[in-house]
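Computation of the quantities below employed the complete heavy-atom set of this structure, encompassing side-chain atoms and omitting hydrogens, waters and symmetry-equivalent molecules.
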Amino acid sequence: MGTARHRFGSTLSALPSRFPHGSPNRFPQRSPKRFPTLAAVAAAGLSLVLVAGCGGGGDTGEAKTKDGKTVISMGLFGVMGFKESGLLDRYMEENPDILIEADVAGDEQTYYTALQTHLAAGSGLKDIQGIEIGRAKELVDTRSDKFADLSKTPGLDHFLPWKSSQVTTEDGKLLGLGTDIGPMAVCYRKDLFEQAGLPTERAEVEELWAGDWAKYVDVGRDFKEGNKKDKVAFMDSSSGLFNAMIYGDEKQFYDKDGELIYNDNPVVKDAWKLAADAAESGLTAKLRQFQPGWDPGLANGTFATAVCPAWMLAHISEKAGPANQGKWDVARAPKGANWGGAFLGVMENSPVKKEAADLIAWLTAPEQQAVIFEKLGNFPSSKTALDIPEVANGKSEYFSDAPIGQIFGDAAKEIPDEQVLGRKDGTIKDTFSAGLQLIEGQGKSPDEAWKTTDERIKKLTR
């Protein structure tokens with residue numbers, strides 16, 4: 001018990017960083033972690049099998065056995081943490097009549113393409129399938145009949161309320177149990193703040209922008225005025241600010257009926273206005289997260305702040321490198337928001353539906369979520385896990401011993417109890433990011449950029 005230190009520090013910095021899908025900006029709420037290189041994962045001792053091949057027992061109609069044991073097949077992607085943390089081995093030790101066969105796809109896009117094919121064909125499915133948050137709404141709307149209803153699973157009240165709502169149908173069917181989430185904070189360079197004459201202590205920095213993203217932009221103006229290095233910007237990009245503002249609200253682009261509302265949603269309009277203001281005011285480095293130039297910017301001190309979900313700390317520490325350890329810190333964001341998350345679902349036609357449901361209930365229980373956080377940094381979706389000492393007292397050595405368990409845990413608790421997702425959320429998010437780049441990179445006015453963005457969205461959502 002006591003204080004936990006994670007791979008955000010030097011001891012585990014060699015592990016592969018995790019980020020949403022193959023292209024982190026593709027979906028609004030991504031789960032963090034997930035895309036190490038195949039070579040890196042293989043080096044960690046994992047057996048990767050892309051899921052485009054044959055399925056497990058999920059669609060055979062009869063339970064598969066091996067050496068007298070019941071086989072449960074799992075289809076996973078990236079670094080979801082169950083194999084890497086040793087939890088699957090532990091479950092089999094505690095349940096000697098169970099054999100778990102987990103296939104892990106290194107790339108979520110490849111995984112999801114194969115999953116869609118198998119769902120359409122009604123064959124090739126595993127007993128358990130991972131669900132990325134960016135795909136959740138589409139599966140809820142179009143494939144809910146393929147998944148078992150988990151709403152009667154005992155003890156579901158330990159999850160954060162908004163987590164389960166993301167995979168619940170209108171008639172109350174629960175398609176998956178939550179794994180991780182991506183609550184957001186602000187990562188900042190203490191040395192660059194000091195050079196600009198700003199406070200550097202975490203509590204003082206948080207106070208600068210407490211409760212209002214507009215205050216964060218005002219701090220950027222102070223930074224620009226006090227900064228002696230013209231090539232150092234306050235924030236990496238305006239799109240990071242935009243995303244943080246909208247994903248702290250219940251609704252972004254769609255309403256509960258699946259209708260587009262971004263044009264009339266004050267949350268989106270206010271986020272666009274403030275992000276455009278930051279772009280026009282020269283407060284950004286014009287570097288979208290995970291796009292070319294952003295990684296070198298982390299290492300070279302090109303910008304002083306970045307809005308960062310919990311899972312991004314691993315990537316920043318890896319790309320900024322050992323030379324910048326202790327220069328970075330983590331402060332609470334003005335308001336809580338979430339970018340990231342995944343689920344485990346059981347297939348309706350699985351011949352071992354009960355055994356599979358028991359397994360995922362155990363894997364996503366608070367105690368197991370705390371184990372994965374301690375070993376890999378995946379942030380728990382269980383509100384009960386947030387109070388377990390290994391999580392609550394978690395600190396990051398790389399980020400100046402920031403109390404990340406407390407910071408991200410508090411952010412997770414601020415998020416509304418329900419978050420409305422839409423089928424094209426990821427596409428729309430990317431289009432807004434591209435629209436803000438028209439202001440940052442091409443000098444378009446906010447009105448011109450909004451008009452272009454609106455036209456693109458309408459074409460893409462027809």
Side-chain angles (χ1 to χ4, degrees), residues 6-10 12-28 30-41 43-44 78-79 106-109 182 184-193 229-244 278-279 283-330 339-340 376-378 396-400 402 404 426 429-430 433-434 436-437 440-441:
H6 307 279
R7 68 195 196 107
F8 310 127
S10 59
L12 293 172
S13 60
L15 287 175
S17 62
R18 308 161 299 150
F19 40 92
H21 303 286
S23 170
N25 287 301
R26 176 165 184 169
F27 291 97
R30 126 90 195 111
S31 165
K33 48 206 152 305
R34 317 241 200 252
F35 295 98
T37 64
L38 293 180
V41 177
V79 186
D107 174 65
E108 195 276 343
Q109 179 65 55
M184 303 178 83
V186 177
C187 294
Y188 69 100
R189 281 279 298 262
K190 295 189 298 184
D191 56 329
L192 299 180
F193 267 46
K229 295 182 178 180
D230 293 337
K231 294 184 178 180
V232 179
F234 175 65
M235 68 181 80
D236 51 359
S237 68
S238 57
S239 58
L241 169 61
F242 177 84
N243 293 335
L283 303 183
T284 83
K286 307 176 184 179
L287 296 173
R288 282 177 64 187
Q289 294 174 343
F290 301 104
Q291 298 301 304
W294 189 67
D295 284 352
L298 292 168
N300 299 329
T302 306
F303 46 86
T305 69
V307 177
C308 52
W311 50 266
M312 192 182 286
L313 270 61
H315 187 84
I316 293 176
S317 62
E318 178 185 338
K319 300 303 180 182
N324 288 311
Q325 179 169 335
K327 295 180 181 179
W328 283 95
D329 206 332
V330 183
W339 175 20
L376 294 169
N378 303 17
S396 169
E397 181 182 352
Y398 188 92
F399 287 83
S400 305
I404 56 174
K429 170 190 170 293
D430 276 355
S433 294
L436 288 166
Q437 278 199 314
E440 286 180 326

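- Atom NZ of K286 sits in a sparse spot, with 12 or fewer heavy atoms from other residues, nucleotides or ligands closer than 6.0 Å.
- Here the closest heavy-atom approach between residue L287 and residue P292 is recorded as CD2-O, 4.1 Å.
- Residues F234 and L192 are not in side-chain contact: their nearest non-hydrogen atoms beyond the backbone lie 4.5 Å or more apart.
- The minimum heavy-atom distance linking R189 with N324 is given by the pair NH1-OD1, 3.7 Å.
- Contact check for Q325 versus E397: side-chain heavy atoms found under the 4.5 Å cut-off.
- Atom SG of C187 and atom CD1 of I316 lie 4.0 Å apart (nearest 0.5 Å).
- Closest heavy-atom contact between V330 and A402: CB-CB, 3.9 Å.
- Residues S433 and F242 are not in side-chain contact: their nearest non-hydrogen atoms beyond the backbone lie 4.5 Å or more apart.
- Of all heavy-atom pairs between A233 and A285, the closest is CB-N, 3.4 Å.
- Across all non-hydrogen atoms, the minimal contact from G321 to Y398 is O-OH, 2.6 Å.
- Inter-residue side-chain proximity for L313 and W328 is flagged as unmet; no heavy-atom pair is nearer than 4.5 Å.
- E318 places none of its side-chain heavy atoms less than 4.5 Å from the side chain of L298.
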- request: Mind running side chain to side chain contact (heavy atoms under 4.5 Å, CB included) on S237 and L436 for me, showing each step along the way?
  value: CA-CA 9 Å; S237 68; L436 288 166; over 6 Å; no
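- Between T305 and V186 the shortest heavy-atom distance is CB-CG1, 4.1 Å.
- Atom CD in Q289 sits 9.0 Å away from atom NE2 in H315 (nearest 0.5 Å).
- Between the side chain of S400 and the main chain of G326, a donor-acceptor pair closer than 3.5 Å is present.
- Using cut-offs of 30° and 60° for the angle between ring planes, the W294 and F303 rings count as parallel.
- With rounding to the nearest 0.5 Å, the separation of CZ in R288 from OG in S238 is 9.5 Å.
- Ring geometry for F290 against W311 counts as parallel: the plane angle stays under 30°, on a 0 to 90° scale with 60° as the upper cut.
- Once rounded to the nearest 0.5 Å, the distance linking CG of L283 with CD of E440 reads 10.0 Å.
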